[in-house]
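Letters A, B, ... mirror the listed sequences (proteins, then strands); counts begin at 1. Heavy atoms only: backbone and side chains are in, while hydrogens, waters and symmetry mates are out.
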There are 2 protein chains.
Amino acid sequence: MAKSENIPVPAVRRLSLYLRQLEAFNEDNRTTVSSRELGEALALSDAQVRKDLACFGQFGHPGIGYRVPELIQQVRRILGTDRISHVLLVGAGNLGRALIAFRGFAKRGFELVAVFDKDAAKIGEMTGGPNAIRIQPLSEMPATVRKHAIRVGILAVPAAAAQQAAEEMVVAGIRGILNFAPVTLQVGAEVEGASVDLAIHLEQLSFQVSGSPA
Amino acid sequence: MAKSENIPVPAVRRLSLYLRQLEAFNEDNRTTVSSRELGEALALSDAQVRKDLACFGQFGHPGIGYRVPELIQQVRRILGTDRISHVLLVGAGNLGRALIAFRGFAKRGFELVAVFDKDAAKIGEMTGGPNAIRIQPLSEMPATVRKHAIRVGILAVPAAAAQQAAEEMVVAGIRGILNFAPVTLQVGAEVEGASVDLAIHLEQLSFQVSGSPA
DNA sequence: CTATGTGAACAGCTTCACAGCG
DNA sequence: CGCTGTGAAGCTGTTCACATAG
């Protein structure tokens, strides 16, 4: 039975990995999978897989394992990606444009419906590449957020502009920010933040590669 | 004194955050910082900051705090970024090109010195934008890795090509892979891996935004 | 016999609280 | 005094081992 409280944060992170792997199994027409198989594909123990899933309900079938399509549906429901979520982007620079062209979002239940930039020269311009979309001024953000019921936004502006842009996103009604700028955003507790800093990931690898013995 | 063993993985992750914040303080010409101030800027407790740093040595000065330039130097040394590290990129698609144009690497001690792609049509082409660089065939990777003493590589190819590309990187001598493809790479224990999956980060935000009360 | 779900044991990380130094 | 460094305590997450179900 679902332990509605006491859900470890790491378990939620792994839930996304389970979903990704389950979808891979599903495309290979696997119908069931055991906790051991799922764990092996993700370098986790079987017990870990079972404990994580047990946080949210009883999805397994003793002697059988987990039915792949069923579990996919359940995990999507838990993560809130069983319906399409509208997402916006602030910052149409190099990274922002790469994100617009990225086709991986739709597959996972996200649709990029609006792009904003501070630079007046970019406003109104259509971005190139696939999924082209019109760039709007920041002033239109509150209305667009309301219109499309957007809750999550991606922030891809230079470090110096990030804090202010984040504040404008919060004012516009954004509840979760995926931040690509190399700064720690100071936002209220009512807003969730997640950061991706490319240089930091390289640093971590650098440490691991230097530190481990040959 | 440095506890040369028993270094918590989370402490190493935070080390990169400390460095980033210290550099921000340094640009504001702050000369010293206390564990409390450093922690506040990163939403961590003062004790956490002290414990983390104490894993690697005694850098603080009682009554004063930490001297900013001194600590920056120490942390860089620990992370292995006190010298420039050469990095390669596999995959010159949308994301790859955005990474090539990204100026944030150099500031943190990384230099992108080579780009590889499987697509014969792209070979030899110079990428556009800043930091333009020639695209090489995968067959040249082993020689280039040796020539530039490259240890870390960025993998930015489609999911279906990622595993094979990763294996070629390992054969070429790469020791750490930063993977942007939405798959779990199966690599030997002698190779370090780190993954960035944009859809997964959005999923996590989606969960947090849905799950928390209004 | 296979594979889940789960209490109990274990390990690891964080917080606390304070001695000690400048 | 202010602030670090650190043992001890507390807490959270993981692994183990087994009862249970198909």
Trainee: Quick one: list whatever passes side-chain hydrogen bond (donor to acceptor under 3.5 Å, both in side chains) with A:Glu70, sequence neighbours left out.
Mentor: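 Partners of A:Glu70 by the side-chain hydrogen bond (donor to acceptor under 3.5 Å, both in side chains) criterion, ordered by chain and then number, come out as A:His61.
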Trainee: Indicate yes or no for a side-chain donor-acceptor contact from A:Gln186 to the backbone of B:Ala41 under 3.5 Å, with no hydrogens or angles considered.
Mentor: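 Between the backbone of B:Ala41 and the side chain of A:Gln186 there is a qualifying donor-acceptor contact (under 3.5 Å).
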Trainee: Going by the rule salt bridge (Lys or Arg N to Asp or Glu O under 4.0 Å), which residues pair with A:Arg30 if we only count those two or more places apart in sequence or in a different chain?
Mentor: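 A:Arg30 satisfies salt bridge (Lys or Arg N to Asp or Glu O under 4.0 Å) with A:Glu37 only.
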Trainee: Residues two or more places apart in sequence or in another chain: which of them pass side-chain hydrogen bond (donor to acceptor under 3.5 Å, both in side chains) with B:Tyr66?
Mentor: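 Here no residue qualifies.
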Trainee: Listed by chain and number, what are the salt bridge (Lys or Arg N to Asp or Glu O under 4.0 Å) partners of B:Arg151, not counting sequence neighbours?
Mentor: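 Residues passing salt bridge (Lys or Arg N to Asp or Glu O under 4.0 Å) with B:Arg151: none at all.
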Trainee: Quick one: ring pair (Phe, Tyr, Trp, His ring centres under 6.0 Å) pairs with a partner in residues 145-202 of chain A, sequence neighbours left out?
Mentor: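 For residues 145-202 of chain A: A:His86-A:His148.
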Trainee: In whole Å, what is the span from the CD atom of A:Gln58 to the P atom of C:dA3?
Mentor: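 That distance rounds to 18 Å.
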Trainee: Going by heavy atoms closer than 4.0 Å, what residues in residues 33-46 of chain B are next to DNA chain D?
Mentor: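 Heavy-atom cutoff 4.0 Å gives B:Ser34, B:Ser35.
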Trainee: Residues two or more places apart in sequence or in another chain: which of them pass side-chain hydrogen bond (donor to acceptor under 3.5 Å, both in side chains) with A:Arg20?
Mentor: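 If we apply the side-chain hydrogen bond (donor to acceptor under 3.5 Å, both in side chains) test to A:Arg20, skipping adjacent residues, the hits are B:Thr184, B:Asp197.
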Trainee: Counting only heavy atoms and a strict 4.0 angstrom limit, can you tell me which residues of residues 64-80 of chain B come near DNA chain D?
Mentor: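 Going residue by residue through residues 64-80 of chain B, the ones with a heavy atom under 4.0 Å of DNA chain D turn out to be B:Ile64, B:Gly65, B:Tyr66.
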Trainee: By side-chain hydrogen bond (donor to acceptor under 3.5 Å, both in side chains), which residues pair with B:Arg36, not counting sequence neighbours?
Mentor: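 B:Arg36: no side-chain hydrogen bond (donor to acceptor under 3.5 Å, both in side chains) contacts found.
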Trainee: Checking B:Asp46 now: which residues fulfil salt bridge (Lys or Arg N to Asp or Glu O under 4.0 Å) with it, not counting sequence neighbours?
Mentor: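 If we apply the salt bridge (Lys or Arg N to Asp or Glu O under 4.0 Å) test to B:Asp46, skipping adjacent residues, the hits are B:Arg50.
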Trainee: Residues of residues 10-29 of chain A with any non-hydrogen atom less than 4.0 angstrom from an atom of DNA chain D: list those, numerically ordered, please.
Mentor: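 Within this stretch, A:Pro10, A:Arg14 sit under 4.0 Å of the strand.
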Trainee: Which pairs count as salt bridge (Lys or Arg N to Asp or Glu O under 4.0 Å) when at least one residue sits in residues 158-169 of chain A, sequence neighbours excluded?
Mentor: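 Found none.
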